[in-house]
Each structure stands twice: as structure tokens, then as C-alpha cells.
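The analysis underlying the following values was restricted to heavy atoms, covering all of them including side chains, and did not include hydrogens, waters or symmetry mates.
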Amino acid sequence: MDFVVTQNGIIPQDEMNVRQFNTGHPVYEVIRVVDGIALFLEDHYERLLSSLQIRGLQFEMEFSEFKQNITELTKINQKQNGNVKFILTSIGKINHWFFSYIAHSYPTSNDYQKGVTTGLLIAERENPNAKVIQNTIRERVDQLIKDEKLYEALLVDRNGMITEGSRSNVFFVKGNRFYTAPASKVLVGVTRQKVLECLDELNFTIIEEAVSTSGLGAIDAVFLTGTSPKVLPVNRIDTFHFSAKNTFVEQLIDRYDLMVETYLKERRL
């Protein structure tokens, strides 16, 4: 039996009333736990605060308490690896929140070697910078992924520009230049920010500019970034095919993996 951590203490997950979190647009955050360590937790906490500020919600939990709640969750469930989800919603003037482990689907080694398939969906988030549950878009995304047997759906705005994935950020490579939609147009993922830091360390040119659907034919490589996929090559967007083997992307993957290992090592000390 799985347990969740709530503002009222620890309770069995099957006793959790999740329906109250389906009203309005709850704010959430997903954190990957590796060997009992919440990866890049400081960055996730800061993004959560930003999402709450955009939504005008008050939140009085300090970082130390936020971290302790995740530690408690890992101990009570005896799970050292997986994805932890934090959700907060406001009913009246009262905040309701909980931490829980959620089902995850990490890419296989074959996915990293050969890349994954994606499709395009015309859709725009209401508040791109806030990590808020938007059920209408999620339903359309889930249907497209199911119908087309895709790994991910890429969102396209009214101007035909590819902004982000439904659960990820997306990067495009042309020569040795890396393109990704500007921060104002997307949910600024923690992995996205870490990838930008890695690209800067590798001295690659970064252009924060969305790529149009009509410009896909000129792209050399594509990859997704996110909590579960990390840095994951894409081999197809609709009818456009790309090689999953790109020297520059492979350098980035190595640098990102090193960043993760360094973070975990420092917190094991």
C-alpha cells in the first residue's frame, strides 16, 4: 500500500480525496528521486514558488520542510527511486496539498539510442510559465499519443511555431546551433535550465527562438528535455525524420549526465 504526505499528516493513498484537486487549475511540481535524493530539488522549489506567485496563491512551506516531506515520503513508502508529485489547490481561502509517488515511464536504453517519435498538436497553455494542470489540453494530448502511438506531443501555437512538449521542453539543432522557444513562451523546465547551463559550458551557440513547423526540413537533430526523459533524442515529428545520432547532442548528454552525478555525489557526502 502506498502512502501520501498531506497537510494533515500521512495517510494511505487510497484514502486520499483527489477529486478536490480537480477543481480550478491546481499547481503542481514533479521531482525525480534517485537513490533517495531529490534531484535538483532547490530548482524545483523555486519554480514551484514562481508558479504559485503567478496563480496568486500563498505558500508558507519553507524549503527545509518541503525537502523533509519528500524524505518522509520515500521512507514511509520504502522507495528510493521514482517520481514524486506535489499538488496544491486553494478552496476558498484554505490551501490543500499533498506529496505522492506517481507512475513514471523512463525511456529505455533503446529509446536513447534510436530516438522516440512525436507528433504535433495545435494548442497553447493559458499561463505557459506556471506549472498548472490544464485538463482540456491534457485530454487532447493523451488522445493523440494513444491514437498515433507516440512518445510525446509537441505543442504548436497559432503562428505555427513549435513551443514545447506536453510534458517536456524541446530543442532543435541546426549545425552547431541549438534552438529552443524563449522562456516567456514555455513552462521553464528545470531540466531545460540545466541543459542550457551545459550548452553554455560546452560553448555551443544557444538561440532562444521557436522553430516553425514549415522549417523542420532544415533541422539536423531534435531532442526533448524533462524530469523523466532527461535528454532524449527524437527520430520523428509527424512525417519529418531525424537521426538520433548527432555528435553535438551526444556531447550534451554526456555533460548533463555528469552534472546529475555530481549533484548526487555532493549530497551523499
Taking a hydrophobic cluster as the set of Ile, Leu, Val, Met, Phe, Trp and Tyr residues connected by side-chain heavy atoms closer than 4.5 Å, whether directly or through intermediates, do [X] and [Y] fall within one such cluster?
X: Val84; Y: Met61; value: yes
X: Val231; Y: Tyr112; value: no
X: Val156; Y: Phe242; value: yes
X: Ile137; Y: Leu150; value: yes
X: Leu224; Y: Val188; value: no

Would you say [X] has more than 12 foreign heavy atoms packed within less than 6.0 Å of its [atom1]?
X: Arg267; atom1: CZ; value: yes
X: Lys114; atom1: NZ; value: no
X: Arg158; atom1: CZ; value: no
X: Ile122; atom1: CD1; value: no
X: Glu208; atom1: CD; value: yes

| request: Test side chain to side chain contact (heavy atoms under 4.5 Å, CB included) on Leu196 and Phe171 and set out the steps. | output: CA-CA 10 Å; Leu196 290 174; Phe171 284 73; 3.8 Å; yes
Spacing of [X] atom [atom1] and [Y] atom [atom2] [to the nearest 0.5 Å]:
X: Arg140; Y: Leu121; atom1: CZ; atom2: CG; result: 4.5 Å
X: Phe99; Y: Leu73; atom1: CZ; atom2: CG; result: 8.5 Å
X: Asp220; Y: Ser243; atom1: CG; atom2: OG; result: 9.5 Å
X: Ile70; Y: Lys75; atom1: CD1; atom2: NZ; result: 13.5 Å
X: Thr227; Y: Tyr106; atom1: OG1; atom2: OH; result: 8.5 Å
X: Phe178; Y: Cys198; atom1: CZ; atom2: SG; result: 10.5 Å

Please give me the minimum heavy-atom distance between [X] and [Y], naming the atom from each residue.
X: Tyr151; Y: Pro107; answer: OH-CG, 3.5 Å
X: Gly217; Y: Phe240; answer: N-CE2, 3.8 Å
X: Ala244; Y: Gly115; answer: CB-N, 3.6 Å
X: Ser105; Y: Ser228; answer: O-CB, 4.2 Å
X: Asn77; Y: Asp2; answer: OD1-CA, 3.3 Å
X: Gly119; Y: Asp238; answer: CA-OD1, 3.2 Å

| note | Sequence neighbours excluded, the answer for side chain to side chain contact (heavy atoms under 4.5 Å, CB included) partners of Ser109 is none
| query | Should the pair Glu261-Lys230 be classified as a salt bridge under the 4.0 Å nitrogen-to-oxygen rule? | reply | no
For the residue pair [X] and [Y], establish whether any side-chain heavy-atom pair is separated by less than 4.5 Å.
X: Val260; Y: Phe40; result: yes
X: Met16; Y: Thr6; result: yes
X: Asp35; Y: Arg268; result: yes
X: Asn246; Y: Phe223; result: no
X: Asn81; Y: Val34; result: yes
X: Arg47; Y: Leu187; result: yes

Please report, to 0.1 Å, the donor-acceptor pairs under 3.5 Å made by any side chain of residues 248-259, with sequence neighbours excluded.
unit_1, atom_1, unit_2, atom_2, d
Arg255, NH1, Glu201, OE1, 3.1

| task | Go through the steps for Arg138 and Asp142 under the test salt bridge (charged side-chain N to carboxylate O under 4.0 Å, His left out), then give the verdict. | result | CA-CA 6 Å; Arg138 173 53 52 202; Asp142 289 346; 3.4 Å; yes
| remark: Only one of Val33, Val4, Asn83 passes side-chain contact (heavy atoms from CB on, under 4.5 Å) with Tyr101, and that residue is Val33
| side-chain contact (heavy atoms from CB on, under 4.5 Å), paired with Tyr179, selected from Val222, Ile162, Val211, Ile206 | Val211
| request: Dump the intermediate steps for side chain to side chain contact (heavy atoms under 4.5 Å, CB included) on Val234 and Ile237, then the final yes or no. | output: CA-CA 8 Å; Val234 169; Ile237 301 177; 4.0 Å; yes
Looking at [Y], is its backbone amide N or carbonyl O close enough to the side chain of [X] to form a donor-acceptor pair, meaning the two atoms are under 3.5 Å apart?
X: Glu152; Y: Arg167; answer: yes
X: Asn95; Y: Phe59; answer: no
X: Asp111; Y: Thr108; answer: yes

| query | Using a distance-only test with no angle check, is there a side-chain donor-acceptor pair under 3.5 angstrom linking Thr74 and Gln80? | reply | no
| message | Quick one, Asn235 with Thr117, criterion side chain to side chain contact (heavy atoms under 4.5 Å, CB included). Give me CA distance, side-chain angles, the key distance, then yes/no. | response | CA-CA 6 Å; Asn235 61 39; Thr117 59; 3.4 Å; yes
| query | Going by the angle between their ring planes, with limits at 30° and 60°, are Trp97 and Phe86 parallel, tilted or perpendicular? | reply | tilted
| query | Should the ring pair Phe63 and Tyr45 be called parallel, tilted or perpendicular, given that the plane angle runs from 0 to 90° and is split at 30 and 60? | reply | perpendicular
| For Asp157 and Lys185, what are the C-alpha separation, side-chain angles and deciding distance, and is it a salt bridge (charged side-chain N to carboxylate O under 4.0 Å, His left out)? | CA-CA 10 Å; Asp157 69 16; Lys185 300 276 188 186; 5.1 Å; no
| request: Determine, step by step, whether Asn169 and Thr191 satisfy the side chain to side chain contact (heavy atoms under 4.5 Å, CB included) criterion, reporting the C-alpha distance in whole Å, the side-chain angles of both residues, the deciding distance to 0.1 Å, and the verdict. | output: CA-CA 8 Å; Asn169 290 115; Thr191 308; over 6 Å; no
